[in-house]
Enquirer: 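One structure, as structure tokens, below. Some questions next.
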Amino acid sequence: MSNKMVMIAGATCFALLAACDDTSTSNASAELTPAQQACLRDVASTTNNSQVMVLSSAFSEAGTQVTVGVGEDRAPWNCIAYSDGTTAGIEFLGDEGAL
């Protein structure tokens, strides 16, 4: 194929992909690991705020470290989750002076 044909084909593919719209729904809790779910539960309880979301997590055999965002501003909280469903190390990671 000539360069012109490749460019036209590429532009067409790009236009078709840009027109795609994902209308499927997903259950966010189904995508969370048990460790993430445990941290969301316990951070929500600790902060008395049910508006929580996972910002990041790092798995380890010793315990999974999960950073949880709390509230509209997604204030960062740390949590360690263990394989038995318990958690520890729940603490605010932000600047308390800014609160």
Side-chain angles (χ1 to χ4, degrees):
M1 281 205 303
S2 70
N3 284 341
K4 186 175 183 179
M5 292 289 287
V6 170
M7 289 177 57
I8 291 171
T12 302
C13 287
F14 179 76
L16 290 172
L17 286 174
C20 289
D21 183 20
D22 184 9
T23 58
S24 65
T25 59
S26 66
N27 184 354
S29 63
E31 299 171 7
L32 297 174
T33 66
Q36 292 169 333
Q37 291 175 5
C39 279
L40 289 177
R41 176 195 68 219
D42 291 352
V43 169
S45 177
T46 299
T47 61
N48 198 28
N49 188 334
S50 62
Q51 191 177 4
V52 291
M53 68 179 303
V54 174
L55 299 178
S56 66
S57 66
F59 173 79
S60 167
E61 289 290 330
T64 300
Q65 186 276 327
V66 181
T67 303
V68 176
V70 177
E72 290 180 16
D73 295 333
R74 297 182 182 158
W77 284 73
N78 185 63
C79 175
I80 306 295
Y82 301 102
S83 59
D84 65 357
T86 61
T87 61
I90 296 175
E91 62 183 351
F92 181 60
L93 297 175
D95 179 9
E96 290 184 23
L99 295 176

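Excluded from the calculations below are hydrogen atoms, water molecules and symmetry mates; all remaining heavy atoms, backbone and side chain alike, are included.
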Enquirer: Which heavy atom in V68 sits nearest to a heavy atom in C39, and how many Å separate them?
Expert: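 Where V68 meets C39 most closely, the heavy atoms are CG2-CB, 4.2 Å.
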Enquirer: Under the side chain to side chain donor-acceptor pair (under 3.5 Å) definition, can you give me all pairs with a residue in residues 46-62, not counting sequence neighbours?
Expert: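 Output for this query lists Q36-S57, S56-T67.
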Enquirer: Tell me if the CZ atom of R41 is crowded by more than 12 foreign heavy atoms within 6.0 Å.
Expert: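 Above 12, so yes.
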Enquirer: Between V54, T87, I90, which is the residue that forms a side-chain contact (heavy atoms from CB on, under 4.5 Å) with V43?
Expert: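 Among V54, T87, I90, the one that satisfies the side-chain contact (heavy atoms from CB on, under 4.5 Å) with V43 is I90.
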Enquirer: Residues sharing M53's hydrophobic cluster, by side-chain heavy-atom contacts under 4.5 Å among ILVMFWY, directly or via others?
Expert: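 Its cluster mates, by chain and number, are L55.
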Enquirer: What pairs of donor and acceptor atoms, side-chain ones from residues 75-85 against any protein atom, are under 3.5 angstrom apart with sequence neighbours left out?
Expert:
{"residue": "N78", "atom": "OD1", "partner": "Q65", "partner atom": "NE2", "Å": "2.5"}
{"residue": "N78", "atom": "ND2", "partner": "G89", "partner atom": "O", "Å": "3.3"}
{"residue": "D84", "atom": "OD1", "partner": "T86", "partner atom": "N", "Å": "3.0"}
{"residue": "D84", "atom": "OD1", "partner": "T86", "partner atom": "OG1", "Å": "2.6"}

